[in-house]
Amino acid sequence: MSTPAFLDSTEYPFAQIERDTQAYWAKHDSFRTYEHIKPKDKAKPKDKFYCLAMFPYPSGKLHMGHVRNYTLADVIARFQTLQGKQVLHPMGWDAFGLPAENAARLHHCAPADWTKRNIDDMRGQLQRLGFSYDWSREIATCHPDYYRWEQWFFIQLYQKGLVYRKQSIVNWDPVDQTVLANEQVIDGKGWRSGAPVERREIPQWFLKITDYADELLEDLAQLTEWPEQVRTMQANWIGRSQGLALDFAVVEHSQALSVYTTRPDTLMGVTYLAIAGKHPLALIAAQHSADIQTFIQSCDLGKVAEADLATATKRGINTGLFAVHPLTQEKLPIWIANFVLMEYGSGAVMCVPAHDQRDWEFAKAYQLPIRAVIRPAEQSNVDITQEAFTEKGVLFNSGEFDDLSSAQAFERIADQLSQQGIGQRQTHYRLRDWGVSRQRYWGTPIPMIYCQHCGTVPVPEGDLPVLLPTNIQMDDSGRSPLHTDASFHQVNCPNCQQPAKRETDTFDTFMESSWYYARFTAARENNTMLTQAANDWLPVDHYVGGIEHAVLHLLYARFFHKLMRDMGLVNSDEPFKRLLCQGMVVSDTFYRTDPDGKRTYFYPHEVTLTRDDKGRPLQALLIADGLPVHMGGIEKMSKSKNNGVDPQQLIDRYGADTVRLFILFAAPPDQSLEWSEAGVEGAHRFLKRLWRQVQSHQQQVQLHQPPLPTPAEAASISELKDVRRKIHSTLQKATDDLGRRLTFNTAIAGVMELFNTLQKLEGSDANICAIRQEGLEIIVLILAPITPHIGHVLWQQLGYREPLHQTPWRQADTNALLTDSINWAIQINGKLRGQLTTALQIEEADLIAQAKAVSSVAKFLENQTLVKTVMVAKKLVNFVVRAN
RNA sequence: GCCCGGGUGGCGGAAUAGGUAGACGCAAGGGACUUAAAAUCCCUCGAGUGGUAACACUCGUGCCGGUUCGAUUCCGGCCCCGGGCACCA
């Protein structure tokens, strides 16, 4: 595609502007932040501000989601610098992970080499976008200088008893003989082998995050600068509940069946119990029944993900065993059900089909009795023929508990079972301990050794780091090369020096991303994990990243912070003070359906749209053959849909400032952003107009003998007074938008509005030049965090020697903001009927009289009775009327 | 299935604390400049009805209902779209 002529760079030489400005920043080390805060003026130390964006996985090239994330954080960092803060704004690489192994297999190279190349490419792209990073603190999590401290920390946790090993289920590919990630299981089959996936138990390491469940839940209240939705999601994820643990005796067995319920009030409605296929009772029942054995085996098929378990068809089989109801002594059948897992809780549940929808469906399917015991408070009965009644209410059919409310019954039943010694109140959490073992190569080696004589032995501190061998080839099996690399796993026991085996699993990559924010404060430190600098800088004042991390990453990082605090490494309770979650970047998709039903997607640039006379799109045509393609709607940018836009091409074509401006202007940060090439051109057009305006303004200024009048003097002319009010109200609003609201789109809209106002100023007399000078300065200042390159040059042209990126922000002039009149909206019954302009001071009676006299209002008052008059100060008068 | 969001012109969005719906930008249409094109500049632009016109009125923020003098905003019920669900990061 040829470059359109309007991008003639002599008109707005963005390429040169951006090259020169970046060279200036590099030469002056403009964004270097020193390890300890060193205020220039010791009497007034600068406040610190730590701004951080979630570091990227080095997948190859930067995508638009990255550009959005890092542009948002850069605006925040630069804005805070202009506010006079000492800003830390680092960048690094979340460099371990599954894609590197897949790419290495595909390209027959080592994951380390592939990762390093990607980091080098992506670093160059970030630099081209002009982000204000302190590159001296760059970290990559695959470097031993980083992960050695993670190994060290894990051993500390092990010694504190916060780490344990237990059996846990994974997706097992029986053909490739390997563990699969959830995303590697497609329709219940392994992505490479196509074999049905099994659930298999293997020993894995866990961190006791549940020990911190209460604190993680309660400290959410401190996070007042986090989005409410994220706090709600985390609270629900932790899922603290109050309930009752109770025992059901099992007929002809000494071992009771333990269950937990949050609804003891429904106890009289229990008609059966369900247990996991791996429950000891299930295994006993299976000894004499081939059907039960087959059923238990079938429970082991399929993926481990909760969404799949929850949506799977509910199946079960009767064990033939019976439990005894603790209150009625009734015999209740015990079933094995595929929706009960041995991993979570006790592996057994009591079932109340009348008051739990899942139990209801299971009971219907297997003709089990359904007994209603709760009714709505205002009704004498309850209808459970169509679905379960799951709300709380009043008990019936419950003997001595009849007519109690659910809450009262909870207490009475809990008391009674406690006294009998077969039940006790318990706090439960939905949150489960964090399994950190991964059966993969490209990750941090878990620093443990298994010795036949000494058991599990942590690697001694002096032997750290346990280095991950990087000179390896991935084979096609999908298995980790660490299993076959004897030089890695054959070691001597640190205790007894006998031959032993090193752990070959690596850490979940969430481990690395749980503490990197702290390591940036001591990135080059070789002797300890963290230093005093962590307390100088933490918590992170502003963290920016995708909403998809709302629970897992952000919860794990909060957990890690508390672990580090309890180890004396940091002294704060929470890692991230303020959080901004950005939306996705989406764009149009176009495709054709092949005869066999497969879709072929086309890039937006391969397609042209035809429109009707109102500009509505009619159809899309493929440029190559002129024939129609299907418009597939708007989707998240992805390789598979061919709707991704390469940031690099746009930067080359329009410049980094244009890309930054568009990405901030097109939507508020937390909403999804719809990509539009025409919108990018609009952003570019604005920067061109700004560039030209400053050039022509400079020519006009040079016609005058300096000095120009001050802006306040120039504003004595009433027309200019209005313009100056606009300048200062724009500054006031933009300051609020950039600092408090983070609505960069409205700040930019305000700047455009102000620019349009300035452009309408005709003439070149000294007063006009003075006002225009002030207006252009404010525009460049507001845009400084957004489009820093053009700003850097325009600031010099407007007469400043101090570089824009460290100039102090300005306060709006309160005198300039004063008005001398009020515009009132006049409503009849809440509907706008007229406008009225009055002096600032006006008597209420006078205002009402004038408002009634406005002709567009008066005609609606004829033949009406005035019921009342509502007034909103300085804004609105509403006459409430009724027809006569 | 469960948890959390979102839905406003042809399009992206604005309306910050219940008070003038549609700022700003894009697309589209018309015009100026030009040999021409691009670029640039100016004008129009939610829908409907009436009017030669200025203009006037009605409707309108996913759907149904409620609270209120007044609802895009608050409440109840639904529909659709998106994010997460513990081994993608």
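What's counted below: heavy atoms across the whole structure, side chains too, no hydrogens, waters or symmetry copies. The sequence lines fix the lettering, A, B, ..., with proteins before strands; numbering per chain opens at 1.
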Counting side-chain heavy atoms from C-beta on, which of [options] comes nearest to [X]?
| X | options | value |
| --- | --- | --- |
| R689(A) | rC26(B), rG25(B), rC11(B) | rG25(B) |
| A678(A) | rU16(B), rC26(B), rC57(B) | rC26(B) |
| H549(A) | rC57(B), rA89(B), rU16(B) | rA89(B) |
| D736(A) | rA27(B), rU16(B), rC87(B) | rU16(B) |
| M584(A) | rC87(B), rU40(B), rG82(B) | rG82(B) |
| K733(A) | rA89(B), rU20(B), rU16(B) | rU16(B) |
| E674(A) | rU58(B), rC11(B), rC87(B) | rC11(B) |
| R741(A) | rC24(B), rU40(B), rA15(B) | rA15(B) |
| R432(A) | rA86(B), rA39(B), rG1(B) | rA86(B) |
| N182(A) | rA23(B), rC87(B), rU20(B) | rC87(B) |

_Pick the closest RNA chain B nucleotide for F665(A) and for R440(A) by heavy atoms, then say which residue is nearer the 5' end._
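Looking at RNA chain B, the more 5' nearest nucleotide goes with F665(A).
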*If each of G679(A) and G435(A) is mapped to the nucleotide of RNA chain B with the nearest heavy atom, which maps nearer the 5' terminus, i.e. the 5' end?*
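The 5'-side residue here is G679(A).
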*asked:* Using O4'-C1'-N9-C4 for purines and O4'-C1'-N1-C2 for pyrimidines, with syn meaning within 90° of 0, is rG5(B) syn or anti?
replied: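 It is anti.
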_Using the salt bridge (Lys or Arg N to Asp or Glu O under 4.0 Å) criterion, which residues pair with K189(A)? Sequence neighbours excluded._
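With sequence neighbours excluded, K189(A) shows a salt bridge (Lys or Arg N to Asp or Glu O under 4.0 Å) to no residue whatsoever.
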*Can you name the salt bridge (Lys or Arg N to Asp or Glu O under 4.0 Å) partners of E183(A), sequence neighbours left out?*
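Once residues adjacent in sequence are excluded, E183(A) has no partner under the salt bridge (Lys or Arg N to Asp or Glu O under 4.0 Å) criterion.
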Rounding to the closest angstrom, what is the interatomic distance between [N] and [M] at atom [atom1]?
| N | M | atom1 | value |
| --- | --- | --- | --- |
| rC55(B) | rU40(B) | P | 31 Å |
| rA14(B) | rC24(B) | P | 14 Å |
| rA15(B) | rG51(B) | P | 40 Å |
| rG10(B) | rC45(B) | P | 15 Å |
| rA54(B) | rG70(B) | C1' | 31 Å |
| rC64(B) | rC80(B) | P | 16 Å |
| rC75(B) | rG18(B) | C1' | 13 Å |
| rA56(B) | rC63(B) | C1' | 31 Å |

Let me know the distance between [atom1] of [X] and [atom2] of [N], rounded to the nearest Å.
| X | N | atom1 | atom2 | answer |
| --- | --- | --- | --- | --- |
| Q582(A) | rG6(B) | CD | C1' | 16 Å |
| F507(A) | rC88(B) | CZ | C1' | 20 Å |
| I748(A) | rC26(B) | CD1 | P | 13 Å |
| E101(A) | rC88(B) | CD | P | 13 Å |
| E753(A) | rG22(B) | CD | P | 13 Å |
| I782(A) | rC24(B) | CD1 | P | 16 Å |
| M511(A) | rC87(B) | CE | C1' | 15 Å |

*Quick one: stems for RNA chain B, with Watson-Crick or G-U pairs under 3.5 Å, at least three in a row?*
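Paired runs of 3+ in RNA chain B: B:1-7 with B:79-85, B:10-12 with B:24-26, B:28-32 with B:40-44, B:46-50 with B:55-59, B:62-66 with B:74-78.
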*Could you list the residues that satisfy side chain to side chain contact (heavy atoms under 4.5 Å, CB included) with Q827(A), not counting sequence neighbours?*
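Listed in chain order: L876(A), N878(A).
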_Whether the side chain of R740(A) and the base of rU16(B) hold a donor-acceptor pair under 3.5 Å is what I'd like checked._
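A donor-acceptor contact between them is present.
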*Are D737(A) and T735(A) side-chain neighbours, meaning at least one heavy-atom pair lies under 4.5 Å?*
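Counting from C-beta outward, D737(A) and T735(A) never come under 4.5 Å.
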*Below 4.5 Å, heavy atoms only, C-beta onward: do L580(A) and Y543(A) meet side chain to side chain?*
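Contact flag for L580(A)/Y543(A) side chains = no.
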Partners of [X] by side chain to side chain donor-acceptor pair (under 3.5 Å), sequence neighbours excluded?
| X | answer |
| --- | --- |
| E387(A) | none |
| R192(A) | none |
| S59(A) | none |

*Atom CG of L836(A) and atom CD1 of I848(A): how far apart are they, to the nearest 0.5 Å?*
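Here the rounded value is 11.5 Å.
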Using a 4.0 Å heavy-atom cut-off, does [X] contact any base of the nucleic acid, only the sugar-phosphate backbone, or nothing at all?
| X | value |
| --- | --- |
| E361(A) | nothing |
| L98(A) | sugar-phosphate |
| Q671(A) | sugar-phosphate |
| P668(A) | sugar-phosphate |
| V867(A) | nothing |
| T869(A) | nothing |
| A550(A) | nothing |

*Does W172(A) have R199(A) sitting over its ring (NZ/CZ under 6.0 Å from centre, angle to axis within 45°)?*
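No, R199(A) does not lie over the aromatic ring of W172(A).
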Identify each atom pair where a protein N or O and an N or O of nucleotides 2-5 of chain B are less than 3.5 Å apart, giving names and distance.
from: rC3(B); atom 1: O3'; to: N236(A); atom 2: ND2; distance (Å): 2.7
from: rC3(B); atom 1: O2'; to: N236(A); atom 2: ND2; distance (Å): 2.9
from: rC4(B); atom 1: O2'; to: Q229(A); atom 2: OE1; distance (Å): 3.2

*According to the side chain to side chain donor-acceptor pair (under 3.5 Å) rule, which pairs have a member within residues 93-106 of chain A, sequence neighbours left out?*
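Qualifying pairs: W93(A)-E138(A).
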*Could you pull out all residues at least two apart from F339(A) that satisfy ring pair (Phe, Tyr, Trp, His ring centres under 6.0 Å)?*
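Listed in chain order: F362(A).
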*With sequence neighbours excluded, residues passing ring pair (Phe, Tyr, Trp, His ring centres under 6.0 Å) with F665(A)*: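 None.
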_Ring centres under 6.0 angstrom apart (W434(A), Y556(A))_ =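 Aromatic pair counts; centres sit under 6.0 Å.
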*Does the gap between the ring centers of F14(A) and H684(A) come in under 6.0 Å?*
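Judged by ring-centre distance (under 6.0 Å), F14(A) and H684(A) do meet the cut-off.
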What pairs of nitrogen or oxygen atoms, one from the protein and one from nucleotides 65-73 of chain B, lie under 3.5 Å apart?
from: rC69(B); atom 1: O2; to: N878(A); atom 2: ND2; distance (Å): 2.3

